[in-house]
Amino acid sequence: VQLQASGGGLVQAGGSLRLSCTASGRTFSSYEMGWFRQAPGKEREFVAIISRGGSTTYYADSVKGRFTISRDNAKNTVYLQMNSLKPEDTAVYYCATDSLLTRVALGARGASSVNYWGKGTQVTVSS
């Protein structure tokens, strides 16, 4: 499976960005999709995960109420709408897919358990 993320950039605090990730090489609608991020000197962390059909979502506490994950199975694309951005949101953002993403969201598995990653996209939030 190949994942291609885009949409990162530089934004001022309080601003918004929308990340997109397009998947190919497998049946997109059959797998959970997620977004993770990694700041300099920190481990990669879960941000948001969406179920196969899009009806169930999970968010890290740090982004609840500000970020929204969605997917368009017809376009093989998952999105992350990021509003009210803060400097602490600065990181490289990665999209991912795997059958165990819900377990990652619930803390039963770590990000290192995820098998399929896209190349990251840098998000920088200035204060």
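FYI, the numbering just counts along the sequence from 1. A quick note: this is a predicted structure, and the numbers were derived from the prediction, not measured.
Using a 4.5 Å heavy-atom threshold, the side chains of Ile69 and Tyr59 count as touching. Ile50 places none of its side-chain heavy atoms less than 4.5 Å from the side chain of Thr56. Contact of the Asp89 side chain with the Phe67 side chain is registered, since non-hydrogen atoms from C-beta on lie closer than 4.5 Å.
The main-chain N or O of Ala105 is never found under 3.5 Å from a side-chain atom of Arg109 such that the two would form a donor-acceptor pair.
Cation-pi geometry between Arg71 and Tyr79 is not met: the NZ or CZ atom fails to fall both under 6.0 Å from the ring centre and inside 45° of the normal.
Here the two rings, on Phe36 and Trp117, have centers that are under 6.0 Å apart.
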From CA spacing to verdict: side chain to side chain donor-acceptor pair (under 3.5 Å), Thr97, Glu32: CA-CA 6 Å; Thr97 184; Glu32 298 167 340; over 6 Å; no
Evaluation steps, side chain to side chain contact (heavy atoms under 4.5 Å, CB included), between Tyr93 and Gln38: CA-CA 7 Å; Tyr93 283 70; Gln38 188 167 16; over 6 Å; no
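Of all non-hydrogen atoms in Leu101 and Gly34, the two that sit nearest each other are CD1-N, 3.5 Å. Contact between Arg52 and Ser29 at its shortest, heavy atoms only, is CB-O, 3.3 Å.
Under 4.0 Å is where a charged nitrogen must lie from a carboxylate oxygen, and between Asp61 and Lys64 at least one such pair does.
The side-chain contact (heavy atoms from CB on, under 4.5 Å) test with Leu85 is passed by exactly one of Thr90, Val125, Thr124: Val125.
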Under 3.5 Å, which donor-acceptor pairs do the side chains of residues 5-23 form with other protein atoms, sequence neighbours left out?
unit_1: Ser16; atom_1: OG; unit_2: Asn83; atom_2: OD1; d: 2.9
unit_1: Thr22; atom_1: OG1; unit_2: Thr77; atom_2: OG1; d: 3.2

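Atoms CZ and OG, on Arg103 and Ser113 in that order, are 8.5 Å from each other to the nearest 0.5 Å.
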